[in-house]
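By convention in this document, chain letters (A, B, ...) are assigned in the order of the sequence lines, proteins followed by strands, and residues within each chain are numbered from 1.
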Amino acid sequence: MEFKLEAHRIVSISLGKIYNSRVQRGGIKLHKNLLVSLVLRSARQVYLSDPCPGLYLAGPAGTPAPPPQQPGEPAAGPPAGWGEPPPPAARAAWPEPERPAVPDAPWVGGAEPTATVTGAADAPQGRAADAAEAAWGRVEGPREAAARGAGSPAGGSDAFPEAPQAARRPCACPSGGEDRRGAAAASPGADRRCAPPPSADESPAPPAVCPRKRGAAGVGGGPAGCPAPGSTPLKKPRRNLEEQPGREEDDGAEEMETGNVANLISIFGSSFSGLLRKSSGGGREEEEGEESGPEAAEPGQICCDKPVLRDMNPWSTAIVAF
Amino acid sequence: MWCFSQVKGAVDDDVAEADIISTVEFNHSGELLATGDKGGRVVIFQQEQENKIQSHSRGEYNVYSTFQSHEPEFDYLKSLEIEEKINKIRWLPQKNAAQFLLSTNDKTIKLWKISERDKRPEGYNLKEEDGRYRDPTTVTTLRVPVFRPMDLMVEASPRRIFANAHTYHINSISINSDYETYLSADDLRINLWHLEITDRSFNIVDIKPANMEELTEVITAAEFHPNSCNTFVYSSSKGTIRLCDMRASALCDRHSKLFEEPEDPSNRSFFSEIISSISDVKFSHSGRYMMTRDYLSVKIWDLNMENRPVETYQVHEYLRSKLCSLYENDCIFDKFECCWNGSDSVVMTGSYNNFFRMFDRNTKRDITLEASRENNKPRTVLKPRKVCASGKRKKDEISVDSLDFNKKILHTAWHPKENIIAVATTNNLYIFQDKVN
C-alpha cells in the first residue's frame with residue numbers, strides 16, 4: 001500500500017520534471033529525460049505489480065491485499081522481484097493491438113496540456129477535487145462528446161485509446177507551419193499520428209470508466225456522471241505543485257485517481273513523443289520522448305485480462321496506458 | 001597532508017549563474033590551469049616560476065588570460081536556445097610559443113590560440129607612435145623600426161570553429177595521441193575531427209535508434225586512449241563502457257570490448273538506473289586502466305578485464321537511502337567528474353557539502369576533505385572530514401541530513417606532475433598543495 005503510494009508519488013514528481021524540462025534553457029536534455037522516463041517506467045511497474053488491484057475500489061478503510069512488507073523507504077528497497085513481470089491477475093493490461101490505436105499525441109500548443117500535467121502532478125494534494133474535476137473536465141470535454149456518441153460500453157480495454165484521440169480533436173494538428181517541420185524532422189510518422197479523430201462510436205471509454213471512479217469525484221454511471229467539466233484552473237495546479245511532497249493520504253489518493261486519469265491519458269497517449277517533440281519554447285529537435293521505448297520493450301508484460309481490467313480502477317489503467 | 005594554497009573567485013554568497021564553474025583542466029605541463037564557466041568564459045591561470053628561496057611551496061597561480069569563448073546562440077530553425085556554458089576544455093600539447101586549447105559548449109567546438117606579446121615595433125617613418133599618419137613631406141630622415149619591450153599582453157584568438165556537427169548536446173571532447181585529430185561526443189553520436197579541417201567530420205559512433213521511441217541509452221562520456229591513437233572508449237547511461245578500435249571499421253558501432261558489471265540485485269530500487277549512469281570516464285596516464293564515475297562510486301577497470309572493475313570505491317554510500325529525496329531535488333542527476341594523479345596511484349572525485357574524496361589505490365586509504373573559505377590561510381593543513389551515516393554522531397562528524405546539497409564539487413583536476421589539485425566549488429576555484437617537507 002505504502003509502496004504503491006510511493007510509486008505514485010514518484011510518478012507525479014517525474015511528470016513534473018518532464019514538464020519543467022520543456023522550459024529549461026538550452027533545450028531538452030535527452031539524457032535527463034531518458035532517466036526520468038526510466039524512473040517512471042519503474043514506478044509504473046511497481047504500481048502494477050502491487051497485488052492489490054482492488055485497492056482503491058475498496059476504499060480507504062481497507063486494503064484487500066496489502067503489498068509485501070517494505071523495508072524502510074520504499075524507494076530504497078523494493079521487494080525482490082518487483083521489477084519482474086507482475087502476476088497476470090494483477091496486471092492491468094493492454095492487448096497489443098490496442099497500442100497502435102493510441103498514437104503519440106502531438107501537443108496542442110503548450111499551455112493547456114502542460115497545465116494539465118501539473119494538474120496531474122499535484123492532484124495528490126487532496127484538495128484536488130476541484131482542480132482534478134476541472135482538469136478532468138477540460139480533457140473530458142471532447143471525450144464525453146465522443147462517449148455520448150458511443151454505443152454500449154465495450155471492454156474496458158477500449159476505454160483509453162479513445163481518450164487521447166478525442167482529446168486531440170480540438171488540437172491544431174501539425175498539418176502545416178512549424179509544427180510540421182519539427183514533427184517531421186523528429187519522426188516521419190508524426191503527421192500520420194495526428195490523424196483525424198476517430199469516429200465517436202468507437203468510444204466506450206467514459207461509460208466504462210466512470211462507474212469505476214470514486215465517490216469523491218461525484219461520479220455515477222455513464223458519461224454524464226463524469227465530473228462536471230469546468231474551466232481549467234491553470235494557475236491552481238501550478239501553485240499546488242509545491243505542496244506535493246508528503247500529502248499522501250488515502251482520501252487524497254482516491255480523489256486524485258479520477259482527476260489524474262484523464263490528465264495522464266490526454267497528456268501521454270501512449271508515449272512521450274508528442275510531449276517532447278512539440279514543446280513551445282524549444283525541443284523541436286530530434287529529442288523525442290523515450291517513454292514508448294520501454295513500452296515497446298515490454299510487450300510481454302502487457303497482456304489483457306478483460307475481466308480484471310474492468311475491475312481495475314482508472315488510475316491503474318491510465319498508468320498502463322502510458 | 002594537503003594544505004590550502006589559493007582560492008579564486010568572488011567571495012559573496014550570492015552566486016551569479018554565469019560565474020558557475022563548469023570545467024577545470026590543467027595543461028600538459030601543469031603550468032597553466034583553465035576554467036570554463038556557465039557564462040561562456042574561459043579563465044586561464046599561470047603558475048609563477050618557482051621561487052628558489054621559498055622552496056616550501058610551489059608557485060602560485062595567477063590570472064593569465066580571460067576571454068569569452070562562446071556566446072549564447074539561438075537556433076531559429078528549431079526554436080532552440082543554445083547555452084554558452086563551457087562543457088569541456090582540453091589542452092593541446094605545446095608545439096611552439098603559443099598555447100592551444102579546445103573549448104566546447106553544447107553545439108560548437110572552438111580551437112583557441114593563446115599567445116603572448118611582450119614587444120612591439122616602434123619608430124615607424126610614416127606613422128606616429130599613436131598611429132596617426134605623418135605628412136610624407138615632413139619626413140626628412142629614415143630610421144629602422146625596432147622592437148621595444150612592452151607590458152605583457154596575452155591574446156586569445158579563435159583559430160578554428162567546428163560547428164554544425166552535433167544534433168544533441170556535446171558532453172565530451174578528447175584529443176587523440178596523434179595530436180592531429182580529436183573526437184567530440186554528444187548523447188547519441190561521436191564525431192572524429194581533424195584539427196585543421198572545420199567543414200567536415202567523420203561520424204564514428206552512432207547509437208541513435210531508427211525509431212527514437214526505442215531509445216534506451218545515451219552516450220555520457222568519451223575519451224581517446226592516451227597512447228593508442230586508434231582506441232577510444234565511451235560510457236553510457238546504462239553503466240557500460242565500450243572500447244572501440246577505429247582500425248576495425250569506419251563506423252565503430254560494434255565495440256571491441258564491453259565493460260559492464262552485473263548489477264547487485266539487492267540494491268535494486270526505482271533509481272538503480274539513474275545511479276548506474278556513468279558521468280565520467282578517464283584513462284590512467286599509463287593507459288592500462290580506466291576510471292569511471294557513477295553517482296555513488298568510482299570504479300577502476302583493467303582494460304584487459306571486461307566483466308568487472310578491479311577496484312571500486314564508495315564515494316558517498318550514505319546517500320543510497322536518500323535517493324528519493326535526491327531525485328526530487330534533482331541532485332541525483334549531478335554529473336561528478338573524477339581524475340587521476342600523475343602517477344596513477346591516487347584518484348579523486350567530488351561530493352556534496354563542498355567535500356571531495358581521494359582514494360589511494362596502493363594503501364587502500366581514503367580521505368575526505370572540504371573546500372571552504374574557513375581554511376583559507378595559506379598552508380593551512382586541511383582537516384579530514386567524516387560523514388556520519390547513522391544516528392550516533394561523533395564529535396567533528398557531520399550528519400547526512402546536515403549536508404548542503406547545493407554545495408557540490410563536480411569538477412576537479414590534478415596537476416600532471418606534482419601534488420597540486422584544483423577543486424571547483426560552485427563559483428570558486430580552490431587550489432591545494434601537498435605539503436612539501
By a 4.5 Å heavy-atom criterion (distance strictly below it), what part of [X] contacts chain A: side chain, backbone, both, or neither?
X        : value
B/Lys335 : side chain
B/Leu188 : side chain
B/Asp75  : neither
B/Ser237 : both
B/Ser272 : neither

Salt bridge check: are A/Arg25 and B/Glu84 linked by an N-O gap of less than 4.0 Å?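 Judged by the 4.0 Å cut-off on N to carboxylate O distance, A/Arg25 and B/Glu84 do form a salt bridge.
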Using a cut-off of under 4.5 Å on heavy-atom pairs, state which of B/Ile82, B/Asn105, B/Asp330 scores highest against chain A.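 So the answer, after comparing B/Ile82, B/Asn105, B/Asp330, is B/Asp330.
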Do the non-hydrogen side-chain atoms of B/Thr35 and B/Val42 ever get within less than 4.5 Å of each other?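 SC-SC contact between B/Thr35 and B/Val42 ruled out.
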N/O donor-acceptor pair under 3.5 Å between B/Ser22 side chain and B/Gly36 backbone: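 Yes; judged by distance alone, with no hydrogens or angles, the pair exists.
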Using side chain to side chain donor-acceptor pair (under 3.5 Å) as the criterion, list what pairs up with B/His166, not counting sequence neighbours.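 Counting only residues at least two positions away or on another chain, B/His166 forms a side chain to side chain donor-acceptor pair (under 3.5 Å) with B/Ser184, B/Asp186, B/Asn191.
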Set of residues satisfying side chain to side chain donor-acceptor pair (under 3.5 Å) with respect to B/Glu71, sequence neighbours excluded: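 For B/Glu71, no residue satisfies side chain to side chain donor-acceptor pair (under 3.5 Å) once neighbours in sequence are set aside.
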